[in-house]
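Let me begin by presenting the structure, written as structure tokens, before commenting on it.
Start at 1 and go down the list; that is how both ligands and their atoms are numbered. These figures come from a predicted structure and were not determined experimentally.
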Amino acid sequence: MRVLILGGDGYLGWPTAMELQRSGHDVCVVDNYLRRKIAQATDSEALMDNPRLPERTEIFAAKTNMKILYEEGDCCDFDFLNGVFERFGPDAVVHYAEQPSAPYSMIGFHEARLTLTNNLNSTFALIWAVLKQNRNCHIIKLGTMGEYGTPNIDIEEGWIEINHKGRSERFLYPRQAGSLYHTTKVLDTDLLWFYVRTYGIQVTDLMQGPVYGLSTDSADLDVRLAPNFHYDDIFGTVVNRFLVQAVAGIPLTVYGRGGQVRGYLNLRDTIRCIELAVENPAKKGELRILNQFTETFSVNQLAERVQRVGRGLGLDVNIQHVDNPRKEMEEHYYNPVRHGLLDLGLKPHFMTDEVLAVMIEKILQYRERIVPSRILPRVRWK
Ligand code: USQ
């Protein structure tokens with residue numbers, strides 16, 4: 001299939017592009033390097049140097065003899081995106097082209113507005129490119145488990161049947177996000193649902209939990225093909241951060257009491273989920289929502305695991321409960337369903353001690369590059 005990846009320079013976008021190309025699809029990536037610009041502006045650069053798309057695609061071609069096409073530009077710009085559609089003619093589009101950081105979206109007015117306009121406008125331009133160019137093009141949109149928040153009832157897979165005064169109807173599951181970033185994903189879902197039910201387009205919305213990992217078959221071919229591995233408080237996800245903190249000898253930053261539970265998944269599983277969605281499209285006129293995580297942990301459980309594995313490797317790993325910079329429940333019920341991707345054939349890579357140890361060994365090679373001032377939380381929800 002011809003697969004267009006919006007946000008193809010990102011932590012998830014670039015590894016997805018490489019694996020899809022290697023599994024036989026024709027891939028084109030699009031990016032305007034917004035995340036790199038924000039990372040530079042907030043002193044939140046990744047652990048390793050990651051070349052931009054022209055160089056990355058060349059290195060990939062030299063290693064594999066396969067060509068990933070790329071386009072540099074802004075996915076919010078409809079004329080640009082429409083032109084990419086005309087040139088490439090995708091069968092499926094994977095939409096990662098969003099400002100992905102919850103803390104960034106909570107810094108202040110300008111950062112909040114950038115998150116809101118970028119995330120909604122990129123989704124809107126994509127919907128219109130599909131409407132104008134090819135209504136059979138399958139949109140695979142990255143949503144987030146954070147859309148649901150932490151309700152006191154089980155979290156279903158996108159939809160819920162409500163019985164009210166003797167009648168019933170199926171609705172989008174209630175959403176109550178905990179940051180402006182997560183709220184933009186809720187709005188994206190509503191926008192997509194409107195266009196699905198009105199125009200009959202076909203959409204898969206993947207509700208993803210925090211991802212960890214820095215290894216994939218293709219990324220391991222050359223360090224210059226590695227994903228953008230962030231450990232800062234803005235872009236770093238919690239497991240990646242804890243592993244870097246363990247290596248740097250900085251106590252693991254558990255926010256508040258640490259009873260916050262989330263659904264996590266390995267980077268390799270993110271890519272496999274996308275591949276499964278591409279190869280098993282939603283039906284015409286369907287908004288298919290799949291919960292994308294493989295196991296749940298509290299922050300305390302993650303910290304204890306990283307501490308145990310780090311100590312096993314001879315590192316001095318301590319845990320520190322820091323004042324929670326976010327507004328979130330620190331003890332709560334959490335029971336999300338996750339059948340859809342398993343039914344499609346996902347075989348999870350679980351977070352074993354060995355997986356964590358391999359990551360620590362790799363991070364140790366970059367120990368000198370860790371900048372401690374990027375680690376403690378710099379953004380508060382206030
Ligand atoms: N946390 C800590 N200490 C840290 C960092 C985080 O205790 O040093 C806690 C947070 O307070 C939160 C949990 O760990 O309760 C997860 O935080 P995170 O930073 O790993 O994840 P989050 O900000 O929610 O966002 C990440 C991605 C985002 C994706 C989301 C999925 O950056 O793009 O949408 O994970 S989810 O969280 O399920 O909504």
Side-chain angles (χ1 to χ4, degrees), residues 7 10-13 35 38-39 44 95-106 115 118-119 141-151 155 175-186 188-189 205-213 227-246 248 250-265 267 270 273 291-304 306 319-332 334 336 338 351 374-381:
Y11 172 55
L12 306 177
R35 183 199 40 81
I38 294 174
S44 307
H95 179 19
Y96 287 115
E98 301 215 349
Q99 190 300 96
S101 161
Y104 181 80
S105 74
M106 301 298 288
T115 305
N118 181 80
N119 293 4
K141 164 74 176 54
L142 270 290
T144 168
M145 285 299 291
E147 291 185 37
Y148 304 121
T150 51
I155 296 174
R175 276 108 16 99
Q176 37 194 0
S179 77
L180 183 75
Y181 153 74
H182 289 96
T183 301
T184 62
K185 298 272 183 173
V186 172
D188 278 339
T189 300
D205 200 351
L206 297 169
M207 301 294 144
Q208 184 169 247
V211 181
Y212 62 91
N228 319 308
F229 185 77
H230 282 274
Y231 61 94
D232 54 271
D233 64 317
I234 308 269
F235 290 109
T237 45
V238 62
V239 180
N240 292 349
R241 275 168 59 68
F242 282 180
L243 293 167
V244 170
Q245 291 166 7
I250 294 168
L252 311 186
T253 54
V254 171
Y255 292 168
R257 281 185 285 162
Q260 303 92 307
V261 183
R262 300 287 183 271
Y264 292 86
L265 78 164
L267 174 58
T270 289
C273 291
N291 292 346
Q292 186 164 314
F293 66 93
T294 58
E295 45 193 338
T296 58
F297 298 104
S298 70
V299 178
N300 284 328
Q301 287 173 322
L302 293 175
E304 282 155 20
V306 171
I319 297 173
Q320 185 190 10
H321 288 261
V322 302
D323 208 21
N324 196 338
R326 307 184 181 199
K327 284 215 171 83
E328 61 184 358
M329 281 199 258
E330 295 174 6
E331 300 286 346
H332 57 89
Y334 200 64
R338 52 163 188 112
M351 194 193 295
R374 293 177 186 162
I375 287 179
L376 284 178
R378 294 169 288 181
V379 183
R380 300 203 156 269
W381 275 219

With a 4.0 Å heavy-atom cut-off (strictly under), which part of [X] contacts ligand 1: side chain, backbone, both or neither?
X	value
Ala102	side chain
His182	side chain
Tyr181	side chain
Glu147	neither

Starting from [atom], what is the nearest protein heavy atom, named by residue and atom, and what distance separates them?
atom	answer
atom 12 (C) of ligand 1	Glu328 OE1, 3.6 Å
atom 9 (C) of ligand 1	Val299 CG2, 3.8 Å
atom 3 (N) of ligand 1	Thr253 O, 2.6 Å
atom 19 (O) of ligand 1	Arg326 NH2, 3.0 Å
atom 21 (O) of ligand 1	Pro210 CG, 3.9 Å
atom 30 (C) of ligand 1	Thr144 OG1, 3.8 Å
atom 20 (O) of ligand 1	Val238 N, 2.8 Å

Short N-O contact, Arg175 and Glu147, less than 4.0 angstrom |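 A salt bridge links Arg175 with Glu147.
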
Purely on distance, is any nitrogen or oxygen of [X] under 3.5 Å from one on ligand 1?
X	value
Gln245	no
Tyr255	yes
Asn324	no
Tyr264	no
Thr237	no
Gly143	no
Gly146	yes

Within the 4.0 Å heavy-atom shell around [X], which atoms of ligand 1 are there?
X	answer
Arg241	4 (C), 5 (C), 8 (O)
Gln208	31 (C), 38 (O)
Met145	38 (O), 39 (O)
Gln260	11 (O), 15 (O)

Applying a strict 4.0 Å limit to heavy atoms, is Pro100 in contact with ligand 1?
-> yes

Considering only heavy atoms from C-beta outward, does the side chain of [X] approach that of [Y] to under 4.5 Å?
X	Y	value
Ser101	Tyr181	no
Pro336	Tyr148	no
Asn300	His321	yes

Mind checking the [atom1]-[atom2] spacing from [X] to [Y]? Nearest 0.5 Å is all I need.
X	Y	atom1	atom2	value
Met207	Lys141	CE	NZ	7.5 Å
Gln176	Thr183	CD	OG1	10.5 Å
Leu180	Met106	CG	CE	7.0 Å
Gln260	Tyr255	CD	OH	10.0 Å

From the options Asn119, Thr115, Asn118, select the one residue that forms a side chain to side chain donor-acceptor pair (under 3.5 Å) with Thr184.
->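 Single pass found, and it is Asn119.
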
Applying side chain to side chain donor-acceptor pair (under 3.5 Å) between Tyr11 and each of Asn228, Thr237, Asn240, report the one that passes.
->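 That would be Asn240.
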
Looking only at side chains, do Thr270 and Gln208 share a donor and an acceptor under 3.5 Å apart?
->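 Checked: Thr270/Gln208 side chains pair up, N/O donor to acceptor below 3.5 Å.
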
Does the side chain of Thr150 pick up a donor-acceptor pair with the side chain of Glu328 at under 3.5 Å?
->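 On atom types as modelled, these side chains do not qualify, holding no pair under 3.5 Å.
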
Residue that, paired with Val254, satisfies side-chain contact (heavy atoms from CB on, under 4.5 Å) out of Val299, Val322, Leu302, Asn324 =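 Looking at Val299, Val322, Leu302, Asn324, the match for Val254 under the side-chain contact (heavy atoms from CB on, under 4.5 Å) is Val299.
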
